[in-house]
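Keep in mind the model is a prediction, meaning the values are calculated, not measured.
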Amino acid sequence: MAAIELEIDGEKIVKEAGVRAVDVVPVPGNALAVWVSGQTLDLNRPLAAGGNLHFLTFDDSAGRHVFRHSSAHLLAQAVKRLWPEAKLGTGPALEDGFYYDIWLPEPLTEKDLPRIEKMMRKIVAENHAIERLELSRDEAMALFRDRGESFKEEIVARIPDDAVISAYRQGDFVDLCSGPHLPRTGLIGALKLTQVSGAYWRGDEKNPMMTRIYGTSFPDQEGLDKHLAAIEEAKLRDHRKLGAQLNLFTFREEAPGFVFWYPKGQQLYRRLENFSRQLQEVRGYQEVATPWIYRSALWERSGHWDHYRDDLFLIHRDDEVQGVKPMNCPGHCLLFKSETRSYRDLPWRLAEYSPLSRYERSGALHGLMRVRGFHQDDAHLFVRPDQIREEMFGVLDLVDVVYRTFDMAYEVVLSTRPEDYMGELALWNRAEEELEEVLKARGLKYQINAGDGAFYGPKLDIYAVDSLGRRWQCATVQLDFQLPEKFELEYIDQDGQPKRPVMIHRAIMGSIERFLGILVEHYAGAFPLWLAPVQVRVLPITDNQHEYAGVVAQALREAGIRVEVDARNQKIGYKIREAQVEKVPEMLVVGGRDADSGTVSLRTREDGDVGALPLAEYVQAVAERARMH
RNA sequence: GCUGGCGUAGCUCAGUCGGUAGAGCAACGGUUUCGUAAACCGUAGGUCGUCGGUUCAAGUCCGACCGCCAGCUCCA
């Protein structure tokens, strides 16, 4: 056998070809798989050629992926033992767990999960070696036919001719899989099945419904416990739950998908909207308001009728059909057209916060995150082609200010020309180049999703990262070369000739409803002082301090602070508890001592009792704190 | 929209075998006047999601519909 040279952590060793990574691993316990020459391989896979070996552990995302993928196989093996007539679909690893789609003769419920977990643990204890098999297509077909795995046969049939067909065996179980996998089932130290639901085979409603079982797994119990605690934390932060507890909003079955804002929620909502107005005014945006119902001819012209019709709320009156707007762009195009525009008028930046409606399918509705009636911090920029770069720069600046204000990091994805693009290729190329230049000029790291742009222009999607590390797509910036065509928009250029402007669709928060939902979860309902619907609550200790509490509140109101007095006949501990539960940022306890000396005893949501200070001093300080954002 | 689960007081939930509705919190009334996370006593509150069916009798069993939850799908 030929000798091959392997490099591990900078050290070179020479071995015979066919040596396995597991034979040369420096720390045997931790390694789950190996990264060599651009691919992850099983530790047991014989190495044909030399190269740089990097051993993957649970700390590597690729290592976790292998671990969870093997966990999915373990799940399938357990289910097959319990229900031999089960037929396997597919079972991939997820970001922090795994699932397996399995056809079963009877539906499962969560009550069945402990039984399956128990069987999984048994198979872990049996500690089977996990072994890779390479098969010809005929062998693979025969193998899965014998086992009654009709879905697997279907997958085998779809594998391209030049691909290697592999399967993995562990004890009595074999699954079609390209791998890689853990060397032994015994490595899966802690696991939990989390939920069960339905999913169509290959994601198509016309196909049979499979049972999808979700789970997660870790090398040890500690990791699993931490993960489950994090899930609990996320549940506690669920904006639907907090929204009800904090009296921000509610939903009613009389209007599914539409929000009822309570005064405190509306206060927050207005705050966000005004924050956006304030930023945009400074940057030369002009706010407009355009109609919210248009005759169908408008939607035909804009292209919505063809592409978006099922999502429109339609109104049939007087033998004609009208549609409630799902977005503002057509209205803004009509405004642009209403006068002759000069090249000097551009860029023209139109902002609008009007209500928008989209008929989301009933199963898609989800609290504030997916509604049928909403508003966006929407704007359209009508620009000359030579202005694209500078305007994009300005938009990204706005994005940066907004997300920094809410203490959120963000990630940018550039989506480029799809195959079915429309418009001039030269314009596309130039625009894409300029977008990249702007991203680089701003020092932003970005990913490219080649071919994922809209047919009418390339776009930037911006993902906000919240305090739990979750990503939310909020801001989006889309160049549009098509809508100006459809609406025959023109400006008169310097040379006296009519030219076609480019449109930039952009939203920073996106849907303000949804953004507020994200903020509720991001802050766990404890909004920073400048946003909090009630900034200060005054808590008189007895009825004797009601008059003084009124004086305190009035002084704060005059300083622009949103303040409430809790004048109920309750003990101070009760009032404090309630204010804490409602996450009021600052509480002022006022008793006889304070009334006599003109002080307030400050207690903050985060730090508890701070102590007494003169009223005037507090008013000035809190007004200062409330300004910072 | 599809599959599964759920729907009882404002909220969180109990309600056995089909026999006619229950608790805590909140609300309201009273007592208490209190210094940093829940005082005490009392009162009131229900078309058991809606409609239909089975039954002497339905919160409970059956069907349809509505809404919510999870997932799928969708999100030009």
Side-chain angles (χ1 to χ4, degrees), chain A residues 99 101 104 106-111 194-214 235 238 240-241 244-245 247 250-257 302-312 326-327 329 358-367 369-370 372 418 420 422 452-457 459 461 473 476 478 480 482-483 505 510-511 514 539-546 568-584 587-595 599-605 607-612:
Chain A
Y99 69 79
D101 284 346
L104 286 165
E106 55 189 309
L108 284 192
T109 72
E110 304 220 339
K111 292 184 194 77
T194 48
Q195 58 182 340
V196 51
S197 69
Y200 301 103
W201 171 239
R202 303 176 58 78
D204 189 332
E205 288 181 22
K206 293 180 206 78
N207 287 336
M209 172 66 66
M210 319 280 287
T211 300
R212 175 170 296 182
I213 303 172
Y214 286 88
K235 269 191 205 158
D238 189 312
R240 291 166 299 185
K241 210 178 168 86
Q245 276 166 14
N247 285 312
T250 190
F251 289 91
R252 308 243 343 159
E253 73 176 80
E254 287 86 345
S302 69
H304 287 83
W305 205 247
D306 290 337
H307 293 283
Y308 213 82
R309 189 172 176 172
D310 288 344
D311 285 351
L312 294 177
M327 39 190 87
C329 22
R358 296 179 188 175
Y359 191 84
E360 300 289 352
R361 303 215 278 174
S362 57
L365 300 176
H366 182 85
M369 302 304 188
R370 185 71 79 84
R372 287 178 174 162
D420 60 345
M422 293 182 74
D452 208 35
F455 67 87
Y456 51 77
K459 64 172 179 177
D461 288 320
Q473 202 228 303
T476 170
Q478 310 199 350
D480 191 342
Q482 279 311 300
L483 213 51
H505 308 251
S511 153
R514 180 164 173 274
L539 313 176
I541 290 175
T542 73
D543 293 354
N544 294 327
Q545 287 84 46
H546 283 182
R568 291 175 304 172
N569 179 3
Q570 282 291 354
K571 293 177 75 171
I572 193 66
Y574 181 91
K575 295 183 186 184
I576 286 171
R577 177 169 197 281
E578 203 143 284
Q580 285 288 154
V581 167
E582 291 175 30
K583 305 189 195 266
V584 176
M587 289 150 264
L588 296 179
V589 174
V590 294
R593 292 205 297 272
D594 296 295
T599 58
V600 292
S601 296
L602 173 62
R603 180 191 168 94
T604 67
R605 181 177 62 195
D607 300 328
D609 191 357
V610 174

Identify all pairs in which a protein N or O lies below 3.5 Å from an N or O of nucleotides 65-68 of chain B, and state each distance.
residue, atom, partner, partner atom, Å
B:rC66, O2', A:E253, OE2, 3.3

**Asked** If the C1' atom of B:rU50 is compared with that of B:rC40, how far apart are they to the nearest Å?
**Response** 42 Å
**Request:** Tell me, please, which residues at least two apart from A:D480 pass side-chain hydrogen bond (donor to acceptor under 3.5 Å, both in side chains).
**Result:** A:H505
**Request:** Could you give the distance separating B:rA38 and B:rC75 at their C1' atoms, to the nearest angstrom?
**Result:** 45 Å
**Request:** Quick one: label A:H366 by what it contacts on the DNA or RNA (base, sugar-phosphate, nothing), any heavy atom closer than 4.0 Å.
**Result:** sugar-phosphate
**Item:** Same-atom distance (C1') from B:rC66 to B:rA27, integer angstrom
**Value:** 29 Å
**Request:** Please state the C1' separation for the pair B:rA26 and B:rC11 - nearest whole angstrom.
**Result:** 7 Å
**Request:** Write down the distance separating the P atoms in B:rG30 and B:rU12, rounded off to the nearest Å.
**Result:** 30 Å
**Message:** Tell me if a side-chain donor or acceptor on A:R372 pairs with a main-chain N or O of A:E360 at a distance below 3.5 Å.
**Reply:** yes
**Message:** Quick check: do A:R370 and A:S511 have side-chain heavy atoms less than 4.5 Å from each other?
**Reply:** no
**Message:** Both A:H304 and A:R212 contact RNA chain B. Taking the nearest nucleotide for each, which residue is further toward the 5' end?
**Reply:** A:R212
**Request:** Go through the structure and list residues passing side-chain hydrogen bond (donor to acceptor under 3.5 Å, both in side chains) with A:E578, not counting sequence neighbours.
**Result:** A:R568
**Asked** Among all residues two or more places apart in sequence or in another chain, which pass the salt bridge (Lys or Arg N to Asp or Glu O under 4.0 Å) test with A:D461?
**Response** A:K459
**Request:** Return yes if the base of B:rC75 and the side-chain atoms of A:R358 contain a donor-acceptor N/O pair under 3.5 Å, otherwise no.
**Result:** no
**Asked** A:R358 side chain to A:D311 main-chain N or O, any donor-acceptor pair under 3.5 Å?
**Response** no
**Fill in**
When rounded to whole Å, the OH to P distance for the pair A:Y308 and B:rC74 reads 15 Å
**Request:** Provide, to the nearest angstrom, the distance between the CG atom belonging to A:L104 and the C1' atom belonging to B:rG4.
**Result:** 13 Å
**Request:** Nearest whole angstrom, please: distance from the P of B:rA70 to the NZ of A:K241.
**Result:** 12 Å
Close N or O pairs between protein and nucleotides 10-12 of chain B (under 3.5 Å):
none

**Complete:** side chain to side chain contact (heavy atoms under 4.5 Å, CB included) filter on A:R212, not counting sequence neighbours, yields A:Y99, A:D101, A:S197, A:A199, A:Y214
**Message:** Heavy atoms only, 4.0 Å cut-off, all strands: where does A:M210 land among base, sugar-phosphate and nothing?
**Reply:** nothing
**Residue list, ring pair (Phe, Tyr, Trp, His ring centres under 6.0 Å) with A:H546, at least two apart or on another chain** = none
**Message:** Can you measure A:Q195 atom CD to B:rC6 atom C1' for me and round it to whole angstrom units?
**Reply:** 15 Å
**Request:** Grab the CZ-C1' distance between A:R370 and B:rG71 for me, whole Å please.
**Result:** 14 Å
**Side-chain touch A:R240/A:F251, heavy atoms, less than 4.5 angstrom** = no
**Request:** Name all residues meeting the side-chain hydrogen bond (donor to acceptor under 3.5 Å, both in side chains) criterion together with A:H304; count only those two or more places apart in sequence or in a different chain, and write none if there are none.
**Result:** A:S302
**Prompt:** Less than 4.5 Å apart, any side-chain heavy atom of A:K235 and any of A:K241?
**Reply:** no
**Request:** Give A:Y214 one of three labels, base, sugar-phosphate or nothing, depending on what nucleic acid heavy atoms sit under 4.0 Å from its own.
**Result:** sugar-phosphate
**Request:** Report the residues that fulfil side chain to side chain contact (heavy atoms under 4.5 Å, CB included) with A:I572, sequence neighbours left out, ordered by chain and then residue number.
**Result:** A:L539, A:I541, A:I576, A:V589
**Prompt:** Whole Å only: how far is the CG atom of A:D101 from the P atom of B:rU3?
**Reply:** 17 Å
**Request:** Look at the side-chain N and O atoms of A:R568 and state whether any lies under 4.0 Å from the OP1 or OP2 oxygen of B:rC28.
**Result:** no
**Asked** When you compare B:rG15 with B:rG49, how far apart are their P atoms, in angstrom units rounded to a whole number?
**Response** 15 Å
**Request:** Measure across A:M369 and A:R514 and return the closest heavy-atom pair with its distance rounded to 0.1 Å.
**Result:** O-CD, 3.1 Å
For nucleotides 33-38 of chain B, list the nitrogen or oxygen atoms of the protein found under 3.5 Å from its nitrogen or oxygen atoms, one pair per line.
residue, atom, partner, partner atom, Å
B:rU33, O2, A:D543, N, 3.1
B:rU33, N3, A:D543, OD2, 3.0
B:rU33, O4, A:D543, OD2, 2.9
B:rU33, O4, A:N569, ND2, 3.4
B:rC34, N4, A:N569, OD1, 2.8
B:rG35, O6, A:G592, N, 3.0
B:rG35, O6, A:R593, N, 2.5
B:rG35, N1, A:D594, OD2, 2.8
B:rG35, N2, A:D594, OD2, 2.9
B:rG35, N2, A:S601, OG, 2.5
B:rU36, O2', A:R603, NH1, 3.1
B:rU36, O2, A:R603, NH1, 3.2
B:rA37, O4', A:R577, N, 3.4
B:rA37, N7, A:R603, NH2, 3.4
B:rA37, N6, A:Q580, NE2, 3.1
B:rA38, N7, A:R577, NE, 3.0
B:rA38, N7, A:R577, NH2, 3.3
B:rA38, N6, A:R577, NH2, 2.8

**Message:** Suppose you measure atom P in B:rG45 against the same atom in B:rG22; what distance do you get, rounded to whole Å?
**Reply:** 13 Å
**Request:** Quick one: list whatever passes ring pair (Phe, Tyr, Trp, His ring centres under 6.0 Å) with A:Y574, sequence neighbours left out.
**Result:** none
**Consecutive-pair stems (3 or more, Watson-Crick or G-U, under 3.5 Å) for RNA chain B** = B:1-7 with B:66-72, B:10-13 with B:22-25, B:27-31 with B:39-43, B:49-53 with B:61-65
**Request:** Please check if the side chain of A:D594 supplies one atom and the backbone of A:G591 the other of a donor-acceptor pair under 3.5 Å.
**Result:** yes
**Pairwise C1' distance for B:rC61 and B:rC68, with rounding to whole Å** = 24 Å
**Complete:** Here the distance between atom C1' of B:rC74 and atom NE2 of A:H307, to the nearest Å, is 16 Å
